[in-house]
Amino acid sequence: MDDRPPNRGPEASARLTLRPPTSALARACALAALGLAASAAVHANCQVQTLELPVKMVGSRAVATVGINGAPVPLTVDSGAFYSMLTDAAAAQLGLRQRWLNGVRIEGLTGRIEAQLTTVDKLQLLGGDIPDVHFIVGGNEPGAGTMGLMGRNLLSFADTEYDLAHGAIRFMLANDDCTRSSMAYWAGSTPVTEIELLGDYSGRGKTPSIRGRVKLEGKELIALFDTGATTIVTAQAAKSAGVAEADMKPSGTMYGAGRGSARTWTARFQKFEIGGEAVLNNDLQVGDYDPIDKADMLLGIDFFLSHRIYVSKQQRKMFLTYNGGDVFARNRSETASAQAFDADLAASGAAAAATADQFVRRGAASASRREYESALADLNRAVELEPANAAFLAQRGALHANLKRFDKATEDFDKSLELDPALTDARFQRALLRLRVKNGEGALSDLDALDKALAPQAQMRLAMSRVYQSFERPTQALGQLNQWLPAHPNEVRRDVALNERCWIRATLGVELEKALDDCGDAIGSDRKNPNYLDSRGWVYLRLGENKKALSDFDRSIEIRPESAWALYGRALAKARLGQAAQSEADLAAARKVLADIDRQVAHVGLPTMEGAAKP
């Protein structure tokens, strides 16, 4: 599990009159399924026709690629989102027209989503074209390089099988003889858990959330099955299950698709139960957020990877089997495991992985579970089958880098980019690898090539700005932020990027009025962040507004007393205001915290005590 928090997609709190493309999807699915060699026989007369959507795990995100007006668009698969979404940047990059959702309030896990609506002329999905498909536009970047969310309007038009451990979602068309069948057709002798689904699954076009009853420490809760999140329990549910506040360890801050954030903790739960399955001794994340869909916990992507799940709308039931390995992400070891889970596809009743793409998707799922050696075995097989596939080589290179096998990672990235220089993800990964192995010239060469190749709105530009800063290339870093910020007006961590641009402008001594605006906006988002106050203090020093600088440094130091940069800045402001004794005290305090603070201030280009009498 990566450290990204849950990324719950949108939920509407007012009636949203969108037309789900259910009928068109069902027709496309039916036509495609008719072309299959055979249908799956569950038993006797129960027959299920299947259409498979390839899905690849990227970190903790399940990613499916669709076509939007002919352009490939990667989306995070999010069964917790009632509707599919595109980010602001994606809509701009794709040239989509947007209109406001009047009278509709859309909520994410931790707050409101500033949303608009767009209509895609042609959505390429499941081997067919679907006309006039709506997407909500807004929310935060889902991560993993995706451009939005695939929500339930696209995921639940038929029965759905989630086989993410093998890199697939299957849309299932079951005949009327399946109403009393166990739909876990792959199970063989493996135990099958059945649970009743809550909510209204009747009626055309309905996309109810996937919810069922579970038990935590013996207390019955409602769980939402959510591929767009990692497993988390509400603080209220954790306390009602008997967990004391003293037993919860703070674990940072969580963010959802909307604005806002919430505190999180990690807590130990002795027993989790779903149907007849019990999972003992679990470390689970706890979040201080209000339940959505009346769900006390989210069973997230970690649960889906450890289970194969069939959601039957027809029966209003879920059928699941356990794959093996850790069920919850926070139970996993940080070290790589050499053991594969369900390594033989044939053992689960599925067809053996016969294609390179199947090996790659299964390997990606293993890597997501930190089962790196199992993942490497699958990726090696994929590359053996298709040695000239640049994407496969790049994925294996990233895995070698995780295993700190830098020479092999370099070899794979080099060959990948030789085969396909346009693989921007591979080029950025190679830049990071080159930075790691002290090949600064090579890393900068990759970054400069990316700068020319990427769309202005690309999410990668934010990460590139930070790498440029690590190379002490503030002008190039500023260029990335200048392109990224206008395209991401609602990004939850936008205030961090604004502060970074403010700080760079302060160090360069350029566009200082704009720097004040950036810092002011960042402070407006988080008035208690000492870094933002410190940055604006230095801008005021550049402008010679020493009293305003002193005020900002005072507030920053009040929040974080031992900040060498804020103490030094306040010393400089006081010296300029004629407060010599107080200035010397702050300067001494700054040097005590950071002995070479004078050198560091001069190195980044900020005014120093040597010029204390001058702005």
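These figures come from a predicted structure and were not determined experimentally. Below, each value reflects all heavy atoms present in this structure, side chains not excepted, and no hydrogens, waters or symmetry copies.
Side-chain polar atoms of Asn482 and Arg501 form a donor-acceptor pair below 3.5 angstrom. Between the side chains of Tyr532 and Asp526, no donor-acceptor pair of N or O atoms lies under 3.5 Å. In summary, the side chains of Thr230 and Ser60 do not present any donor paired with an acceptor at a separation below 3.5 Å, with no hydrogens or angles considered. If you check the side chains of His307 and Glu277, you find a donor sitting under 3.5 Å from an acceptor. With no hydrogens or angles considered, a side-chain donor-acceptor pair links Gln480 and Asp451 at under 3.5 Å. Donor-acceptor pairing under 3.5 Å is recorded for the side chains of Gln459 and Trp484. Residues Thr321 and Trp186 have side chains that bring a donor and an acceptor to within less than 3.5 angstrom of each other.
Checked options Asp159, Asp163, Thr160; the residue passing with Tyr310 is Asp159 (criterion: side-chain hydrogen bond (donor to acceptor under 3.5 Å, both in side chains)). Of the listed residues (Thr65, Leu86, Leu149), just one forms a side chain to side chain contact (heavy atoms under 4.5 Å, CB included) with Leu75, and that residue is Leu86.
Between the side chain of Thr264 and the backbone N or O of Gly252 there is at least one donor-acceptor pair closer than 3.5 Å. For the pair Arg494 (side chain) and His488 (backbone), a donor-acceptor distance under 3.5 Å is present. When atom types are taken as modelled, the side chain of Glu196 and the backbone of Met318 share no donor-acceptor pair closer than 3.5 angstrom. For the pair Thr118 (side chain) and Arg97 (backbone), a donor-acceptor distance under 3.5 Å is present.
Applying the 6.0 Å contact sphere to CZ of Arg527 captures no more than 12 heavy atoms from other residues, nucleotides or ligands.
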Chi angles and distances behind the side-chain hydrogen bond (donor to acceptor under 3.5 Å, both in side chains) call for Thr231, Asp302: CA-CA 7 Å; Thr231 296; Asp302 44 355; 2.7 Å; yes
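A distance below 6.0 Å separates the ring centres of Phe272 and Phe328.
With respect to Asp357 and Arg361, a salt bridge is recorded, a charged nitrogen being found less than 4.0 Å from a carboxylate O. Using a 4.0 Å cut-off between a side-chain N of Lys or Arg and a carboxylate O of Asp or Glu, Asp78 and Arg152 do not qualify as a salt bridge. Using a cutoff of 4.0 Å between basic side-chain nitrogens and carboxylate oxygens, Glu141 and Arg61 are not scored as salt-bridged.
Between Phe225 and Phe304, the ring-plane angle classifies as perpendicular under the 30° and 60° cut-offs.
Partners of Glu161 according to the salt bridge (Lys or Arg N to Asp or Glu O under 4.0 Å) rule, which considers only residues two or more places apart in sequence or in another chain, are Arg170, Arg308.
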